[in-house]
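Heads up: the structure comes next, in structure tokens.
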Amino acid sequence: MNNMNDANPYSPPEDQSIPGAPTVTVEISEAWVRSINSWKFTLVSALSGVSVTFAPIGLLGLGSWDLAAPARFLLAIPLLLIVYFVPLYYFRLSSDVIRQVHSGKSRVNQSLLKD
């Protein structure tokens with residue numbers, strides 16, 4: 001096992017990998033690393049379930065609830081923003097990772113190349 005001072009702080013320890021499992025290592029930009037390690041990622045992670053379940057149900061309910069127009073508008077805006085922006089964050093991150101894998105710059109475990 002590597003000395004912790006010499007190891008990359010963003011790479012998982014060797015003892016956490018599953019023996020024989022295919023692994024792919026990609027490099028992401030420093031901006032994504034800072035974003036993932038910040039409060040923004042915690043907020044996006046917390047809102048992930050909301051964007052898939054409660055926000056669409058809330059939007060559906062706004063059509064049938066007896067609310068005044070300003071209240072409906074004030075509730076609809078945050079719900080729409082959650083539904084739109086939370087998946088957009090993950091789509092942008094995954095597109096960078098997929099681009100890295102398809103460009104051939106990623107390190108692939110030899111077990112993927114045996115077949």
Side-chain angles (χ1 to χ4, degrees):
M1 191 153 82
N2 294 340
N3 184 359
M4 289 304 286
N5 294 333
D6 298 335
N8 182 349
Y10 303 114
S11 63
E14 293 295 325
D15 58 342
Q16 289 186 356
S17 62
I18 300 171
T23 57
V24 177
T25 304
V26 296
E27 294 181 10
I28 56 175
S29 69
E30 187 66 29
W32 275 117
V33 172
R34 281 193 311 270
S35 176
I36 289 170
N37 290 328
S38 73
W39 62 270
K40 289 185 276 186
F41 189 72
T42 305
L43 179 65
V44 168
S45 298
L47 290 175
S48 294
V50 174
S51 73
V52 174
T53 55
F54 296 114
I57 291 172
L59 287 170
L60 180 66
L62 284 178
S64 61
W65 297 337
D66 190 25
L67 296 173
R72 231 181 249 183
F73 180 76
L74 290 175
L75 288 173
I77 295 298
L79 293 175
L80 285 171
L81 292 175
I82 289 171
V83 169
Y84 181 75
F85 284 111
V86 169
L88 182 66
Y89 182 87
Y90 288 112
F91 291 155
R92 290 186 60 204
L93 176 61
S94 63
S95 69
D96 285 350
V97 170
I98 290 169
R99 186 179 308 113
Q100 178 89 24
V101 170
H102 284 278
S103 71
K105 295 179 183 175
S106 60
R107 293 190 317 241
V108 179
N109 187 341
Q110 291 300 318
S111 63
L112 287 175
L113 303 175
K114 289 181 182 176
D115 293 335

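Values reported hereafter were calculated over all heavy atoms of this structure, with side chains retained and with hydrogens, waters and symmetry mates removed.
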Straight-line distance of Ser29 OG to Arg34 CZ, nearest 0.5 Å: 7.5 Å
How many angstroms lie between atom OG1 of Thr42 and atom CD1 of Ile36, to the nearest 0.5 angstrom? 11.0 Å
Roughly how far, to the nearest 0.5 Å, is the CZ atom of Phe85 from the CG atom of Leu88? 6.5 Å
Hydrophobic cluster membership, with links at side-chain heavy-atom distances under 4.5 Å among I/L/V/M/F/W/Y: are Tyr84 and Val52 in one? no
With a 4.5 Å cut-off on side-chain heavy atoms, are Leu59 and Leu62 touching? yes
Quick one, Leu43 and Trp39 - any side-chain contact, counting heavy atoms below 4.5 Å? yes
In this structure, are over 12 heavy atoms from other groups packed under 6.0 Å from Arg92 atom CZ? no
Work out which heavy atom in Val83 is nearest to a heavy atom in Pro56; give both atom names and the distance. CG2-CD, 4.1 Å
Nearest heavy atoms of Ser38 and Ser35, plus distance in Å: OG-O, 2.9 Å
When rounded to the nearest 0.5 angstrom, what distance separates CG in Leu47 from CG in Leu81? 11.0 Å
Across all chains, not counting sequence neighbours, the side chain to side chain donor-acceptor pair (under 3.5 Å) partners of Ser51 are none
How about Phe41 and Trp32: are their ring centroids closer than 6.0 Å? no
Got a donor-acceptor contact below 3.5 angstrom from the Ser94 side chain to the Tyr90 backbone? yes
